[in-house]
Every structure is written in structure tokens, then in C-alpha cells.
Engineer: 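Starting off with a structure, shown below.
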Number of protein chains: 2
Amino acid sequence: MQDNDPLPSTATAVGVSRYGRIAAQLQRKIVDGEWPPGAAIPAESTLATEFGTALGTIRQAIAVLVQEGLLERVQGKGTFVRNGLTGASMMRFFRFRADAGAPVVAIPRSEILSCRAVRLEKSIAALFGLDTGARGLAISRRRWLDDKPRLLESIWLPLPRCEPLQRLPKAEWGDLLYPLLASQCGITIHRAVDEVTFRTLDADQAELLELPDGHPCALVTRRAYDLQGNCAEYRLTQGDAYAFRYQADIR
Amino acid sequence: MQDNDPLPSTATAVGVSRYGRIAAQLQRKIVDGEWPPGAAIPAESTLATEFGTALGTIRQAIAVLVQEGLLERVQGKGTFVRNGLTGASMMRFFRFRADAGAPVVAIPRSEILSCRAVRLEKSIAALFGLDTGARGLAISRRRWLDDKPRLLESIWLPLPRCEPLQRLPKAEWGDLLYPLLASQCGITIHRAVDEVTFRTLDADQAELLELPDGHPCALVTRRAYDLQGNCAEYRLTQGDAYAFRYQADIR
DNA sequence: AAGTGGTCTAGACCACGTA
DNA sequence: ACGTGGTCTAGACCACTTT
């Protein structure tokens, strides 16, 4: 019987139970990239003999990570490491295009207005777990759908980690940030917390969105977290309030 | 070994598995009121002998209902039927009071502006599973916090079921609807789906909320469901858009 | 046919809450 | 001390997917 280190690692609610410790060890393998996104993890029976426990215990450990959204079980095929968020989910807050009932899943085109290294505001630095005055990347984007400007985004990223993006030519950015964070910086965004409030647009913002000055807008504030649970992005997104729609399920 | 009816009953995703069927049977007991909200259900071991299955199978059945939000397990004490929603959760969408960081949990005072029987709009009747032209209860409320009007609510209820409310004097309504639905009509609200959009107030609404005409407002559309999964309430809530705040967790 | 996860059994001992 | 749910074992057979 091997009975390894407790390994409280990150966010996994690890009590002292066997399956909790195993779950933490499996999570470590995912976080360290030993089991990359999309890959299948060893079969339950294999893990059971490896860890020297009963099958049911391994199943319980896997259930924890499935619940956390890190793993996905597929009957008859295996258990797979989930890919991170793509970032396309931002559109779920807005209902652009004709309300033909069809949920909009199209990815809006991204136009990078600016991208430069800055000294991070105190609160953002703290969010990233950095010291006050630490450097970060500040990105400003405008996003288009159906040849109309729809969203304005201000994005902050921690700078030692996201340095590769600084040297990347704008032409190679593409329309989605998270795949870029994965390929260039090795950061997998796995969870995000969004907060929605309402504001009005100032003159500059209104002009960029081709809306009247003072027009009401929805402001979505996003904190995105990597596999280790560290915040790796702070983002403000603004769009026409009248195009805003959000659905919440309350149990 | 007893192997009772399949009992697909309501929303429980009942495949053909043993624990699925047992989950459906347990749910039936809750829905029928045999196990009322707050009560403890029999111990796992008791249920296991009653159903003639292994303990683990019962545990799996209970897990399904816990996931659905119908049951709650408490270590060392037992497994309990959860109380329905209180309705106080509407306030989680708004941040009134000074932004002292403290989440507002206070229940706003309810002022009933009107309450009368009407012919339901086609779409609402369909939502309730009633024929077009069926009757319903239409309620208009204004809700106060800190001696200021904060929210306007329009509520529709299906009428054969909610008849007791029609005869109830306004003085006895109190501030929350759902406890009233439970005590007067035997309806337990167990789940709700909210949708948030953005509007502006018309003159009448603005006056009632003591805001300027045309002021931006958030509109929350709610469909509330009872234990059987039938819709038992349709509600529109409007409040100052600049006091609106909603947080969403994306995994 | 072989391998995977899904279901199920019949036990055991532990941790927690209450009396 | 007792009853509850929480953890764990060492098997078994089934359903699904791929070779």
C-alpha cells in the first residue's frame, strides 16, 4: 500500500480521505501537463492497481475531478482531460443578430486597438498574486459581428507569464485569446467568474461602437483562472445594453 | 427481489438502472407529500432492506436526488427533504444600500398594488399547461427597502391551483410569495429560471419607483416550477439598472 | 474479442451527532 | 452507547466502443 503525501495542492477540497488524496494526485498530473487536454487518462482498473486501492475508490476520485470540470467520462471509450474554455462563451451574454431563436455561437472578429506593457493597478496586481507596481500586459480590443462593431474589451494579463504575447505580431493573434494563452504561454483557462452591471458609454466608447454618446451598455467584468486556480486574466467587456440577455437557473 | 414499475414520473433522468428507478420512487414520495420538506427520510440501511438492494445502490439513488436539489445529506444526522425556495433570492440581482461590501440579504417590504383574476395571455397559459383563455391571478407588487421603492413586480399564477390566494386579505400576504404558495395552495417552488434583459421605464413605472421617466431598468423574467416540474409562476421584476449586479460562475 | 466505463453486491470500519 | 452518513474493499456482470 503506497500512501503518498497529502498534497493539498490547489482548490481540490481534499479532506484526508483516500479518494481525496488520489484526486489531488491526478489533478497534479493534469496541471503539470503530464496528461494534456484531450488526452485519455489510464483506465480505472489500471489506476486501481497503480494506487493499490479498490476500483470504487478510484471511481470516487475521478468523480471529484469530473465534478470540478477537469475530466470527462465517455462510456466504452475512456476518461479524458477536458479542454479549457475557448472564450467564445462571452457571446452568451448578448443576443446580436435577428432574434431567430437560434442561439448565437458565431465567434466575433477581433480587432486589436492597442497592446502594451504597463504598471498594473494595485487591485489587479493583487488579483494576479503579484506585488503592487508589478508589470502586466494591457490589451484593448474591438469585436465585430456581421460587419458591425459589437463589443469593446479591456484585458489585463500578468506579465512575466504572458511575455510571449508581447512579441507576437498582431496578424497572428486570431479571434480568441484563450487558445493563444494555451499555445504561447502554456496557460489553460479552466474557470471564469463574470459579473454583469449596467453603465453608459462615454464619447470615445460610443464612437467605437457606433452608438450615441451616453448610450446604455452592459459591462461584464471577468476574472479567469488557470488549472492551478491562479487568476490569469482580468477583462472588461462592454456592449449594447439592449442586446444584453442572460439566463440563470436557480435550484 | 421486488422490481416495481418503471415510474418515469417527472424530470428525474431515469434510464433503466435500478438506482434510477429507486430515485424516481423516492421522488414520488417527496412530491406526494409523504415526506414533507424538512423531514428526514429513512436511513440508508432501512431503505436498502425495504427495496431489497445493496446499500451502495440506495446511496446512488439518493445522490441523484441530492444533485437535483431535492434532498440534503447531513453527516451523523440523516438525509432530509430540502425546503423549497423562499423567494428572497430575487435580491441577489440587485445591490441596493451602500456598497459596504456586505451582500444584501434583507427582505424588501411588499406592497400589493392590485390582485385580480384575469384571462391569461396565450403564452402564459401554455406555460402553465392550461388551455388558451384559461383564468389566472394577476398580481402587481411594489417592493421597498430602506423606505425607498426599489422593485416593481408583475406576477401571474394559474387559477384553479392558486384560488386560495384570491380570498386572502391583503394584510395577511406578508413579504414573500413562496411561503404563501406553500401554506395556502400546497405548492412548493423548487426551481426557477430567470432571464435578465435591459429596458427603460415608462412614465407610470418611473413614478412608482421615484425615478425619472425613461430611466434604464433591468428586467428579470422568472419562471418558477413546483416539485412535479410544472410551471406555477410567471413573474416580471423591474428595478434600477444602475443598481443591478449579477455574478456568474463559468466552468 | 477485447477494453472501457456503468451498475450492483455484501460485507467492513470510520467520523460525526445525539442522547 | 447508538444510529447516522462517509469511506473502502474485492469481487461480479452489463452496455458501449473499437479492433
Side-chain angles (χ1 to χ4, degrees), chain A residues 1-4 6-8 12-26 29-30 35 38-82, chain B residues 1-4 6-8 12-26 29-30 35 38-82:
Chain A
M1 302 289 163
Q2 61 191 90
D3 204 312
N4 306 7
L7 226 185
T12 309
V14 66
V16 282
S17 61
R18 192 71 164 269
Y19 75 83
R21 273 173 294 162
I22 292 175
Q25 291 178 60
L26 300 185
K29 299 215 184 203
I30 297 168
W35 294 339
I41 73 172
E44 296 175 345
S45 54
T46 308
L47 290 172
T49 55
E50 270 182 21
F51 282 99
T53 91
L55 228 172
T57 305
I58 294 293
R59 286 184 61 79
Q60 223 167 339
I62 290 176
V64 169
L65 299 183
V66 168
Q67 180 65 26
E68 267 185 40
L70 266 76
L71 291 178
E72 189 174 7
R73 319 185 80 139
V74 182
Q75 151 95 266
K77 293 183 68 174
T79 302
F80 300 84
V81 180
R82 281 188 44 168
Chain B
M1 298 295 158
Q2 63 190 79
D3 204 310
N4 306 8
L7 227 185
T12 309
V14 66
V16 284
S17 62
R18 192 68 165 269
Y19 75 81
R21 275 173 291 162
I22 292 176
Q25 292 178 60
L26 300 185
K29 299 215 186 207
I30 296 168
W35 295 338
I41 75 172
E44 293 174 348
S45 54
T46 308
L47 290 172
T49 55
E50 271 183 20
F51 281 98
T53 94
L55 227 170
T57 305
I58 294 294
R59 287 183 61 79
Q60 225 167 338
I62 290 175
V64 169
L65 299 183
V66 167
Q67 180 65 25
E68 268 186 40
L70 266 77
L71 292 177
E72 189 174 8
R73 317 183 83 138
V74 183
Q75 153 95 261
K77 292 183 69 177
T79 302
F80 300 84
V81 180
R82 279 188 47 169

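If you're wondering where the values come from, they're calculated on a predicted model, not measured in any experiment. Reminder, nothing fancy here: chain letters follow the sequence lines and each chain counts from 1.
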Engineer: Please figure out whether A:Ala54 or A:Gly76 has its closest DNA chain D nucleotide nearer the 5' end.
Structural biologist: A:Ala54

Engineer: Distance check: side-chain N/O of B:Arg59 vs OP1/OP2 of D:dG5, anything under 4.0 Å?
Structural biologist: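 Answer is no, no contact under 4.0 Å.
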
Engineer: What's the closest nucleotide to the B:Arg73 side chain, out of D:dT7, C:dG5, D:dG5?
Structural biologist: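 Among D:dT7, C:dG5, D:dG5, the one nearest the side chain of B:Arg73 is D:dG5.
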
Engineer: The side chain of A:Ala43 is closest to which nucleotide in this list: C:dG5, C:dT7, D:dA10?
Structural biologist: C:dG5

Engineer: Taking only side-chain N and O atoms of A:Lys77, does any of them lie within less than 4.0 angstrom of OP1 or OP2 on D:dC16?
Structural biologist: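 No, no such contact exists.
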
Engineer: How long is the span from the CD1 atom in B:Ile41 to the CG atom in B:Leu65, to the nearest 0.5 Å?
Structural biologist: 8.0 Å

Engineer: How long is the gap from CG on A:Leu70 to CG on A:Leu26, to the nearest 0.5 Å?
Structural biologist: 10.0 Å

Engineer: First locate atom CZ of A:Arg59, then atom OG1 of A:Thr53, and finally report the distance between them rounded to the nearest 0.5 Å.
Structural biologist: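 Going from CZ on A:Arg59 over to OG1 on A:Thr53, the span is 12.0 Å.
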
Engineer: D:dT7, C:dG5, D:dG5: which one has an atom nearest the side-chain heavy atoms of A:Tyr19?
Structural biologist: D:dT7

Engineer: Would one find a side-chain N or O of B:Thr53 under 4.0 angstrom from OP1 or OP2 of C:dT9?
Structural biologist: yes

Engineer: What I'd like to find out is whether the side chain of B:Leu71 reaches to under 4.5 Å of the side chain of B:Ile30, using heavy atoms alone.
Structural biologist: yes

Engineer: Nearest whole Å is fine: how far is D:dT17 P from A:Glu72 CD?
Structural biologist: 14 Å

Engineer: Rounded to whole Å, please give me the gap between CD1 in B:Ile58 and P in D:dG6.
Structural biologist: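 It works out to 14 Å between those atoms.
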
Engineer: Can you measure B:Gln75 atom CD to D:dG3 atom P for me and round it to whole angstrom units?
Structural biologist: 17 Å

Engineer: Looking only at the side chain of A:Arg18 (C-beta and beyond, no hydrogens), which of the listed nucleotides D:dC8, C:dA15, C:dT9 gets closest?
Structural biologist: D:dC8

Engineer: Counting side-chain heavy atoms from C-beta on, which of D:dT9, C:dT7, D:dG6 comes nearest to B:Gln60?
Structural biologist: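 In terms of side-chain proximity for B:Gln60, the closest of D:dT9, C:dT7, D:dG6 is C:dT7.
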
Engineer: OP1 or OP2 of D:dT7 less than 4.0 angstrom from a side-chain nitrogen or oxygen of A:Thr57, does that happen here?
Structural biologist: no

Engineer: Let me know, please, whether B:Leu55 or B:Thr46 comes out on the 5' side of the other along DNA chain D by nearest nucleotide.
Structural biologist: B:Thr46

